Amino acid sequence: MQTDRNNMNFEILAPAGSMESLIAGVRSGANAVYLGGKAFNARRNAGNFDNDELCSAVKYCHARGVKVYLTLNILISDDEWELAYDTVKTALEAGVDAFIVQDIGVAKMIRDHFPTARIHGSTQMSIMSPSGAKFAEKMGFSRIVLPREMSLDEIREIRESTDLELEMFVHGALCMCVSGQCYLSSVIGSRSGNRGLCAQPCRLPFSAKNDKNDYALSLKDLSLVEHLGELEGITSLKIEGRMKRPEYVSASVSAIKKAINHTYTDNDGILLRSVFSRSGFTDGYLTGKLGADMFGTRQKEDVVSAKNVLKEISHTYDNENPLLPIDLHFICKKDKPAKLVASALEKTVEITGDVPEIAINKPMTVESLTDRLSKLGATQFYADNISIELDEGLILPASKINDMRRRAVEKISLEDERIITALPLKRIKKIDKKSKKPLLTASFRSADQIPNKHPFDIVFIPADSSLDDFVDNRAGVVLPRGMFGIENELKKTLVKLKNAGVTKALCTNIGNYMLASELGFEVYGDFGLNVYNSQSANIIENPIVSFELSLDKANRINAKNIGIIVYGKIPLMLTRNCPVKSSIGCFECGKKGRLSDRKGYEFEVLCSKYPCVEILNTHPIYMLDRLNEVKADFLHFSFSTENVKDVENIIKLYNSGEKPSFKYTRGLYQRGTL
């Protein structure tokens, strides 16, 4: 085991999809829990908590020194704004300690209306670079949750660049796609992961070699329990699993707590795997060992192992565990009421009892009082320091002392009254726009795709294109969506392009958006920024709004200069672990990789010199015959695998307004997402 023997001071953050799971996590030693309300969280199919249950959960946790973070980690539409505001206000009144947020518009709403609220940036924000952390800092976040796909060196790079608290997943399920960048579930079945309803189609058969029993998008579960000593500078260790059983939560928390205390053994690892795994665990992203060994599915033996241990684990949190220290100071003087001063949870309370009597037979002693006061029974406390001031020859009934101790525990467990600042909700004023013909913008994967004649007002090509390509096409730059470990290299490239006269940048990630802005580019926000509402659209310059919006909602976004994708094969996944390379290897792929699903549909897999690949939808979005329905300031064409003749054909179709001869989709513009 590689765990460093130095002191490890981490917050253990447990998932709570139900009150049973919350109790299991707290009694097993969690320092904080994260949970969702009945709306606006990324696990809408979990049990979750209504307002009364949330109040009870917060009281239970705070009485045990445990923090509560509420998940608001989905994209929110304009017509949900009042409910989102009320959700935040109610949660603050209940005593929630922080909000985990994906949508930058929601973050701004919280910051503007609830100035004392703490905001944590969800891993759904895809913050994978120092500039991404800087953007979060500027937005008023106090913590960010790092992507699961990061190596140790990449984590250190962010740690050294920011004073924000860093939270990272150390145990639980791994998505194939970078969080916040997966559209597979929404495009296939309208159940969006960015809206909390992912149907996990990636766990179904996908193959790079036409094998219907292949699961090329299913990764093993993550477990970094044996690497905690290497996670220097991390504040919080997060466990995935709000859809999991209480026994799973308990076992995961216990294992991490043991690892922190240097008591974790191989037997604990066997137990952890038995509770839940998919052919075992992986640490491939952290260690940089990507490839076939990271993939796995839930096997029959995994299920059998779980049945054998679940009952055993459940008994470990049947009763209250005394996890919190309490200091007790007992004062018993002649002719004066006894007093008990208790200190715990950063609070001190004083309890007054009866006046002691003169003992006839057996007076109280310091030893007998210490023994009596230390019997804290089935509470969350254990006696840490007990001090006694006692005059000789006095007696108090044991029942009276017990009552004082009980009242002290009850009083110190009570929630302090909270005063919150809640400013009235303000909406963005309607922006009046002059009716004009929308501009046309287009992004290409290569300058070779660009025809000599085209109608595009702005053209974007990749950052690794030649300077001649930029100059010849008067092009802006498309920045890579996968920013893992490449920021310094990308910054040098952008400085060269700026000096060569390139002025515009199509930004695909919150980090490169921040980087390009600081370097003075005119920035455009691509779909990967997930602009889903008017508030977000007023934070991002020139945003291409999310294609997960219905066309009606996209048209009603209230911002200055918005774009809508009207043509393009949408990347359904951005993944760091190439499923084709892991299956058949790069040589056989020849940069023409494809995945097929169980129904025979094929999905192209695009390579990149940057540390991610993209999996494209089978058919392109096509709206060129219905442009009269699109209300946007600019119309965006996203070209990927098309050659120059294909592009010329798309331009002809744009000019004619006809339906194409090839298969296409209206995407989510018609269906919307749930």
Side-chain angles (χ1 to χ4, degrees), residues 15-17 34-50 54 69-91 96 98-111 117 119-127 136 139 141 143-145 147-148 167 169 173 175 177-187 189-201 238 240-243 510 527-537 539-540 543 545-550 553-554 557 574 668 671-674:
Y34 65 103
L35 50 81
K38 291 297 184 180
F40 306 137
N41 77 88
R43 293 292 182 271
R44 283 161 64 188
N45 287 329
N48 297 317
F49 295 75
D50 64 25
L54 179 62
Y69 307 143
L70 186 76
T71 56
L72 288 175
N73 53 343
I74 67 169
L75 304 179
I76 293 176
S77 62
D78 283 341
D79 55 6
E80 297 170 319
W81 220 242
E82 283 79 6
L83 181 55
Y85 173 90
D86 290 342
T87 298
V88 174
K89 186 171 183 290
T90 299
V96 161
F99 298 91
I100 304 173
V101 174
Q102 172 186 8
D103 192 316
I104 59 173
V106 174
K108 187 175 189 305
M109 181 270 285
I110 295 174
R111 187 189 65 186
I119 316 171
H120 296 175
S122 169
T123 188
Q124 295 283 118
M125 289 184 70
S126 312
I127 294 175
M139 284 286 298
F141 288 85
R143 176 187 295 191
I144 56 174
V145 187
R148 296 164 174 86
E167 176 178 308
F169 284 93
C175 295
C177 183
V178 175
S179 294
Q181 301 302 311
C182 187
Y183 310 100
L184 183 65
S185 181
S186 63
V187 169
S190 293
R191 293 182 57 181
S192 170
N194 283 320
R195 293 280 292 161
L197 285 173
C198 179
Q200 298 189 24
K238 189 171 195 171
E240 184 277 336
R242 281 194 288 141
M243 301 289 284
I510 209 70
F527 68 88
L529 297 179
N530 292 320
V531 172
Y532 201 79
N533 54 61
S534 299
Q535 188 74 266
S536 299
I539 297 170
I540 300 298
V545 298
S546 170
F547 56 76
E548 290 192 286
L549 285 165
S550 67
K553 288 184 176 179
I557 293 291
L574 177 74
L668 295 160
R671 293 180 282 134
T673 54
L674 298 176

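Keep in mind it's a predicted model, so treat the numbers as computed, not measured.
Here OG of Ser192 is found 8.0 Å from CG of Leu668. Values are rounded to the nearest 0.5 Å. Rounded to the nearest 0.5 angstrom, Ile539 CD1 and Ser534 OG are separated by 11.0 Å. Once rounded to the nearest 0.5 Å, the distance linking OG of Ser122 with CD1 of Ile74 reads 11.0 Å. The distance from atom CD of Glu548 to atom OH of Tyr183, rounded to the nearest 0.5 Å, is 6.0 Å. Rounded to the nearest 0.5 angstrom, Thr90 OG1 and Asp50 CG are separated by 11.5 Å. In this structure, Ile76 CD1 and Gln535 CD are separated by 11.0 Å, a value rounded to the nearest 0.5 Å.
Shown here are the ring pair (Phe, Tyr, Trp, His ring centres under 6.0 Å) partners of Phe141, two or more places apart in sequence or in another chain: there are none. Residues meeting the side-chain hydrogen bond (donor to acceptor under 3.5 Å, both in side chains) test with Lys38, sequence neighbours left out: none. Under the side-chain contact (heavy atoms from CB on, under 4.5 Å) criterion, Ala117 pairs with Leu92, Phe99, Ile110, Phe114, sequence neighbours left out. Residues meeting the salt bridge (charged side-chain N to carboxylate O under 4.0 Å, His left out) test with Asp79, sequence neighbours left out: Lys553. Qualifying salt bridge (charged side-chain N to carboxylate O under 4.0 Å, His left out) partners for Glu167, counting only residues two or more places apart in sequence or in other chains: Arg143, Lys238. For Thr673, the side-chain hydrogen bond (donor to acceptor under 3.5 Å, both in side chains) partners are Tyr532, not counting sequence neighbours.
A donor-acceptor pair under 3.5 Å links the side-chain atoms of Ser126 to the main chain of Ser179, judged by distance alone. With hydrogens and angles ignored, the 3.5 Å screen pairs no side-chain donor or acceptor of Asn48 with any backbone N or O of Ala39. In terms of modelled atom types and a separation under 3.5 Å, the side chain of Arg191 and the main chain of Leu197 share a donor-acceptor contact. Between the side chain of Glu80 and the backbone N or O of Ser77, at least one donor-acceptor pair lies under 3.5 Å.
For the residue pair Ser190 and Arg671, a side-chain donor N or O sits within less than 3.5 Å of a side-chain acceptor on the partner.
A 4.5 Å side-chain heavy-atom check between Arg195 and Ser186 finds every atom pair outside the cut-off. Side-chain contact between Asn533 and Asp103 is present, with heavy atoms from C-beta onward closer than 4.5 Å. In this structure the side chain of Ile100 never reaches within 4.5 angstrom of the side chain of Thr123, judged on heavy atoms. The closest side-chain heavy-atom distance from Thr87 to Leu72 is below 4.5 Å. A 4.5 Å side-chain heavy-atom check between Leu70 and Phe40 finds every atom pair outside the cut-off. Within the 4.5 Å cutoff, the side chain of Arg148 has heavy atoms near those of the Glu240 side chain. Counting only heavy atoms from C-beta outward, the side chains of Ser546 and Val531 never approach each other to under 4.5 Å. Side-chain contact between Asn530 and Phe547 is absent, with no heavy atoms from C-beta onward closer than 4.5 Å.
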Next item on the list: Let me see the working for Leu54 and Leu35 under side-chain contact (heavy atoms from CB on, under 4.5 Å), right down to the final yes or no.
Entry: CA-CA 9 Å; Leu54 179 62; Leu35 50 81; 3.5 Å; yes
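The two residues Ile127 and Pro147 come nearest to each other via the heavy atoms O-CD, 3.0 Å. Between Ser185 and Ala199 the shortest heavy-atom distance is OG-N, 2.9 Å. Of all the heavy atoms in Gly241 and Pro15, the pair that sits closest is C-CB, 3.5 Å. Nearest heavy-atom pair across Arg242 and Gly36 is NH1-N, 3.6 Å. Across every non-hydrogen atom of Ser536 and Ile104, the tightest pair is OG-CG1, 3.8 Å.
Checking each of Asn73, Thr71, Asn194 against Gln102 for a side chain to side chain donor-acceptor pair (under 3.5 Å) leaves exactly one that passes, namely Asn194.
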